[in-house]
Amino acid sequence: MPENILVCTAWPYANGDLHIGHLAGAYLPPDIFARYHRLKGNNVLMVSGSDSHGTPITIRADAEGISPRELFERYHLRFLETFQQIGVSYDLFTHTDTENHYRVAQDIFTACLNNGYLYRKTEQQFFSETEGRFLPDRYIEGTCPHCGYDGARGDQCDNCKKLLEPTDLINPRSKTDGSTPVLRETEHFYLDLPKLSDQILAYLSENKEHWRPQVINFSLQYVKDGLKGRPITRDIDWGIPIPLEGYPEKRLYVWFEAVIGYFSASIEWARNQGRPEQWKDWWYDPAAKTYYFIGKDNIPFHTVIWPAELIATGRRLYEDDPAKQLNLPYDVPANEYLNMEGKKLSTSRNWAIWAPDLLERYDPDPIRFYLTVIAPETRDTDFTFEDFIRRNNDELVAAWGNLVNRVLGFAYKRFDGKVPPIGPAGLDEADRQILAEVEAGFETVGDLLAAVRLKAALEEVMRLTRAANVYLDGKAPWHQIKEDPAAAGTSIYVALRVIDNLKILFAPFLPFTCQKLHEYLGYDGQLFGRQYTQTFTETERTHVALCYDHSQAVGRWEPGRLPEGQPLRKPAPLFKKLEPELAEQEIARLLEA
RNA sequence: GCUGAUGUAGCUCAGUCGGUUAGAGCACGGAACUCAUAAUUCCGGGGUCGGUGGUUCAAGUCCACCCAUCAGCACCA
């Protein structure tokens, strides 16, 4: 029976382009995972969207003299472009500025309030009279009381690294206009995490054997250290209003509402499908599995705070059956960080490879291949252009691209452009063995993918690819064809069957070139569905979203039955070799940028 | 500073419950082959498993301490 698999990915903050760290850590892994499950015939729902709220967006919009909405929409559209180019196949990639998301976030707030998991607290906060708004800690500067450094931020001193309260600062001033802020009283809503602590601990303590050790250890420690209430409202005007009378100037704090996007986007997707209740297949079916792909900096928000919000909501919303409960995260396969040329990626220091830029110069599949090979699954890893080029040339092209090219080229030239028939002698031991070995890959590779061990899964496919090269060298059809053309035909038939199966095993990782191979082998149809953007109109606002239609996809996670005599299409190499000199050029580009 | 993770071959990384002589790919050396993008295949060299100490018949694996790197430490999300 098909499983219901919900694939959630971190909501990219829409104030800048995506870089390779985002792709390797949070966007490519879930896409590979989702594509596998779709091939497997499971019901996949993959959702996310742009995080459009928060102070950094308002600050940057102010600096550019445009509205926050204009700013985030610019980057939102660029995300859509990037995801289409590299093939991150969201069923729905929306954003948090939709009316739907507003409503769902407000309903969750209300449920938390009614269930007694919110409380109010008044405190003193710095207010900028010139800007007419409260200032977040990190937008206040002043002199550090510990070391005397003048550029200390309200949350931490960059010089002595001590953590600060903004009221600790000597001569505090606004970072944006240098004015002196004044203290003013303000009341905020807090999520009562201490009250939820036992329930969160219970959730984290059962059936977590499949979680990555760093994720579960960190989360348990986080809770055991003692949770404190967290404010979930802020005094800004950009964001989701509080659904209560008397708080017109307050908005839901981003961290509270952004994670709700997983839920609201599922609801939006169902409505877009014209089946408004279908989201319940993933959220209320206790057998459904929900996965959250994020970077390590985001762990507590997905393993502690999002479950806390769901529990505080009573684990039930838009559902009358009291027996039903909203699913808490089944797995949170958080990744570590990807460094570049030995140094941490940094937007402010412009030490990053931006996805739109990289995709201008390289094909998507080699990028997907390399970013999977070096994916930071268990530790920080390093992207270098030298390594990218070498792995492209010496692994992807040499082992897989060349295998495809030599087999297809030989078949096309020597067997009249058709899949040759099995000769009268039938299949021998070597033929049967390589076929069986590669067919077994559907289980071994599939198990690794299902366990989110994507690097190990790709490695296993590469191992099978090497085995196929060994088979081919053992048979040497270029010799056989001189003595016994029918035997050569058998070998080439077997080799074609093998690459036909490898095509599916590689497809979650390399969807674009596997589609090409599918066509060279003489098949019609698309292995995967179609990605497209669509504009949706609600009552007042419209938004553009990335969508995916799997209904016409023909790819199946099972051994193929390549018909003898099937006409092939004229083959061409799937991949290009890259000049080693490119590495120096790329580094020069980085340094001058 | 506190909490957690990571450290294994030249490079990138696997190593399950403690169990034979520590693995893979790439790179490197030699050979075979020529269908293929000089790709492929076979053979080979290469490691004090970050350090010190401990537990054990047995430690890459468990424990303690130390060193290095990374993350979190609650108003960035």
Side-chain angles (χ1 to χ4, degrees), chain A residues 10-13 15 51 53-56 125-126 134-140 153-156 161-163 165-166 188 193 212-215 217-222 224-231 234-235 253-256 258-259 294-302 304-305 334 336-337 339 344 370 373-384 386-387 390-391 393-395 397-399 401-411 413-414 453 455-456 459 462-463 466 468-481 488 491-492 495 571-577:
Chain A
W11 288 59
Y13 205 56
N15 67 345
D51 186 350
H53 299 136
T55 312
Q125 251 181 25
F126 276 118
F134 284 92
L135 295 172
D137 292 1
R138 55 170 29 208
Y139 290 105
I140 300 167
R153 293 198 316 257
D155 56 344
Q156 183 172 29
K161 305 292 179 196
K162 283 206 169 70
L163 299 180
E165 293 295 322
H188 281 294
L193 288 167
R212 293 182 179 172
Q214 69 268 33
V215 177
N217 289 343
F218 181 88
S219 305
L220 281 169
Q221 198 57 44
Y222 192 88
K224 287 176 183 168
D225 280 349
L227 297 171
K228 290 189 280 185
R230 274 187 88 111
R234 306 196 79 180
D235 293 296
Y253 189 22
V254 202
W255 67 261
F256 179 78
V259 286
I294 57 167
K296 62 175 159 183
D297 53 327
N298 238 327
I299 290 173
F301 289 88
H302 291 79
V304 175
I305 290 174
E336 307 292 300
Y337 280 165
N339 297 323
K344 198 177 156 181
Y370 182 56
V373 164
I374 62 163
E377 286 182 359
T378 56
R379 58 164 111 169
D380 292 356
T381 58
D382 196 31
F383 178 109
T384 71
E386 193 189 342
D387 193 44
R390 208 187 58 208
R391 287 193 187 262
N393 292 353
D394 300 336
E395 295 182 22
V397 175
N402 182 54
L403 172 69
V404 170
N405 198 38
R406 66 199 295 214
V407 172
L408 281 180
F410 197 84
K413 268 183 286 191
R414 307 303 290 269
R453 297 189 54 196
K455 294 167 76 154
E459 216 167 89
M462 290 300 286
R463 190 186 68 77
R466 274 178 243 111
N469 274 315
V470 172
Y471 165 82
L472 206 60
D473 272 39
K475 286 289 183 177
W478 48 94
H479 282 159
Q480 288 178 304
I481 198 154
S491 302
I492 289 298
L574 294 178
F575 307 101
K576 293 191 282 271
K577 290 196 76 165

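The figures that follow rest on heavy atoms only: side chains count, while hydrogens, waters and symmetry mates do not. Here the structure is a predicted model, which is why all the values come from computation and not from measurement. So that the names make sense, note that chain A is the first sequence line, chain B the second, and so on, each numbered from 1.
Residue contacts shown for Leu227(A) include a base, since a base heavy atom lies under 4.0 Å away. As judged by a 4.0 angstrom heavy-atom cut-off over every strand, Val470(A) is placed among residues touching the sugar-phosphate backbone only. Within the nucleic acid shown, Asp51(A) comes within 4.0 Å of sugar-phosphate atoms alone, with no base atom in reach, counting heavy atoms only.
Within the 4.5 Å cutoff, the side chain of His188(A) has heavy atoms near those of the Asp235(A) side chain.
No aromatic stack links Phe410(A) and the base of C35(B), using centre distance under 5.5 Å and interplanar angle under 30°.
A distance of about 33 Å separates the C1' atoms of C43(B) and G7(B), rounded to the whole Å. Using P as the reference atom, G15(B) and G72(B) are 25 Å apart when rounded to the nearest Å. Rounded to whole Å, the P atom of A68(B) lies 15 Å from the corresponding atom of G51(B). When the P atom is used for both A14(B) and G53(B), the distance is 29 Å, rounded to whole Å. When the P atom is used for both U55(B) and U61(B), the distance is 15 Å, rounded to whole Å. Annotation: C63(B) and G44(B) have their P atoms spaced 37 Å apart (nearest Å).
Look at CZ on Phe218(A): it is 13 Å from P on U3(B), rounded to the nearest Å. Summarising the geometry, the separation between CD on Glu386(A) and C1' on A27(B) is reported as 10 Å, rounded to the nearest angstrom. Residue Lys475(A) contributes atom NZ, which lies 17 Å from atom C1' of U40(B) at whole-angstrom precision. Note: CD (Glu395(A)) to C1' (U40(B)) measures 15 Å, nearest angstrom. The distance from atom CG of Asn469(A) to atom P of C26(B) is 11 Å, rounded to the nearest whole Å. Here the C1' atom of nucleotide C35(B) and the CD atom of Gln480(A) are 12 Å apart, to the nearest Å.
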Protein and nucleotides 29-32 of chain B: nitrogen or oxygen contacts under 3.5 angstrom:
none

Using the 3.5 Å cut-off, write out each protein N or O paired with an N or O of nucleotides 10-13 of chain B and the distance between them.
| unit_1 | atom_1 | unit_2 | atom_2 | d |
| --- | --- | --- | --- | --- |
| U12(B) | O2' | Arg391(A) | NH2 | 3.0 |

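Judged by Watson-Crick or G-U wobble contacts below 3.5 Å, the nucleotide A24(B) has U12(B) as its partner. A 3.5 Å limit on both hydrogen-bonding distances identifies no Watson-Crick or G-U partner for A59(B).
In this structure, Leu403(A) and Arg406(A) approach most closely via the heavy-atom pair O-CG, 3.2 Å.
Along RNA chain B, the nucleotide nearest Gln214(A) and the nucleotide nearest Arg230(A) are compared for position; the residue whose nucleotide lies closer to the 5' end is Gln214(A).
Every residue two or more places apart in sequence or in another chain that forms a side-chain contact (heavy atoms from CB on, under 4.5 Å) with Arg212(A) is listed here: Gln214(A), Val215(A), Pro333(A), Asn335(A), Glu377(A), Val452(A).
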